[in-house]
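We count residues from 1, following the sequence as given. Keep in mind the model is a prediction, meaning the values are calculated, not measured. Computed from heavy atoms alone, side chains included, the values below leave out hydrogens, waters and symmetry copies.
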Amino acid sequence: MKAFGWAAFLALLAASVWAVQPDPARLAAGLPRLAGWLATGWPPDFSNPGDIARRAAETVGIATLGTVLAAILAAPFALLAARPVTRAALLRQPARGVLDGLRGVDGFVFALIFVAAVGLGPFAGMIGVALHSAGSLGKLWSEAFEAADPRPAEAILAVGGTKLQVARFALIPQTLPETAGALFYVWEFNIRASTVLGLVGAGGIGQELKNAVDLLDFNRLFAILLVVVGLTLAADRISAALRRSLA
């Protein structure tokens, strides 16, 4: 069985090489050109800082509101997908299927769809982030619930408690560090992911990024990339501090 697994992996690897056709010669030819572009990008152009600040604020807003909405959507499905709460496979498996479906479609794709549905702007980006993140959060939370110590839940059921009481008084308090840590991690990831939603018109600093690339304005592009790195580092530090506070 192990040999079959390795053979399948090697076959997949060979098929991937055939499909992608990586070409080191093209990379070697393109690197000097890229280096020249980067050299022309100094110094970074921070003119009209209000535009960059507004787009950066949109990016943070998309990620934050999208993560909060994702948590609201994920919570009931996570409970339904967790065996300690839902013993019936007819309920548990569909809940897991919904979470898998949401997680399987990238937030970028969701944002593209909702740009067509609700129009351009950060609102479409927020919905895209929320739907994809709900699938990821729901899976992480349901796994945390299933890994929890079953004895408190069994004690509640033994005295006539309901499944809702099991979730409220046993599973959620016991797994709070894990579930909250997962929430902060997803928020941090969404800060990074939201920087490119502007490429499809879903708001955020990606819109400024796209404009700079379209105009081949490398000084402006360099400035925007520095802001993106700054947002990512800030989100990482905040997320880490929040996770430590729960340890």
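Between the side chain of Ser133 and the backbone N or O of Ala130 there is no donor-acceptor pair closer than 3.5 Å. Side-chain atoms of Glu146 come within 3.5 Å of backbone N or O of Arg83 as a donor-acceptor pair. Checked by atom type and distance alone, the side chain of Thr195 pairs as donor or acceptor with a backbone atom of Arg192 at under 3.5 Å.
The shortest heavy-atom contact between Ala78 and Gly138 is CB-O, 3.6 Å. Gly125 and Ala111 get closest at one heavy-atom pair: CA-CB, 4.3 Å. Taking every heavy atom of both residues into account, Trp141 and Thr179 meet most closely at NE1-O, 3.0 Å. In plain terms, the two heavy atoms of Pro32 and Ala28 that are nearest each other are CD-O, 3.0 Å. Contact record, Ala81 with Ala95: N-CB, 3.9 Å, taken as the closest heavy-atom pair. Nearest approach of Asn219 to Pro43, heavy atoms of both residues: ND2-O, 2.9 Å.
In this structure, the separation between CZ on Arg26 and CG on Leu31 is 12.5 Å, given to the nearest 0.5 Å. Taken from NZ in Lys210 to CD1 in Ile224, the straight-line distance is 12.5 Å, to the nearest 0.5 Å. To the nearest 0.5 Å, the span separating CD on Gln93 from CG on Leu80 amounts to 12.0 Å.
Taking a 4.5 Å side-chain heavy-atom cut-off between Ile, Leu, Val, Met, Phe, Trp and Tyr, the cluster of Ile113 extends to Leu65, Leu69, Leu73, Phe77, Val98, Leu99, Leu102, Val105, Val109, Phe110, Phe114, Val118, Phe123, Met126, Ile127, Leu131.
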Assess whether side-chain contact (heavy atoms from CB on, under 4.5 Å) is satisfied between Arg220 and Glu208, documenting all intermediate values.
CA-CA 9 Å; Arg220 188 67 165 180; Glu208 288 289 321; 3.7 Å; yes
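Under the 4.5 Å side-chain heavy-atom criterion for Ile, Leu, Val, Met, Phe, Trp and Tyr, Leu231 and Val229 are members of distinct hydrophobic clusters. Linking ILVMFWY residues whenever their side-chain heavy atoms come closer than 4.5 Å, directly or via other members, leaves Leu183 and Phe189 in distinct clusters. When the side chains of ILVMFWY residues are joined at heavy-atom separations under 4.5 Å, either directly or via intervening members, Val68 and Val60 end up in two distinct hydrophobic clusters. Leu137 and Tyr185 fall into different hydrophobic clusters, where Ile, Leu, Val, Met, Phe, Trp and Tyr are joined by side-chain heavy atoms under 4.5 Å apart, directly or via other members.
The side-chain heavy atoms of Arg55 and Ile52, taken from C-beta on, include no pair separated by under 4.5 Å. Counting heavy atoms from C-beta on, the side chains of Ile191 and Asp236 never come closer than 4.5 Å. Using a 4.5 Å heavy-atom threshold, the side chains of Leu197 and Val129 count as touching.
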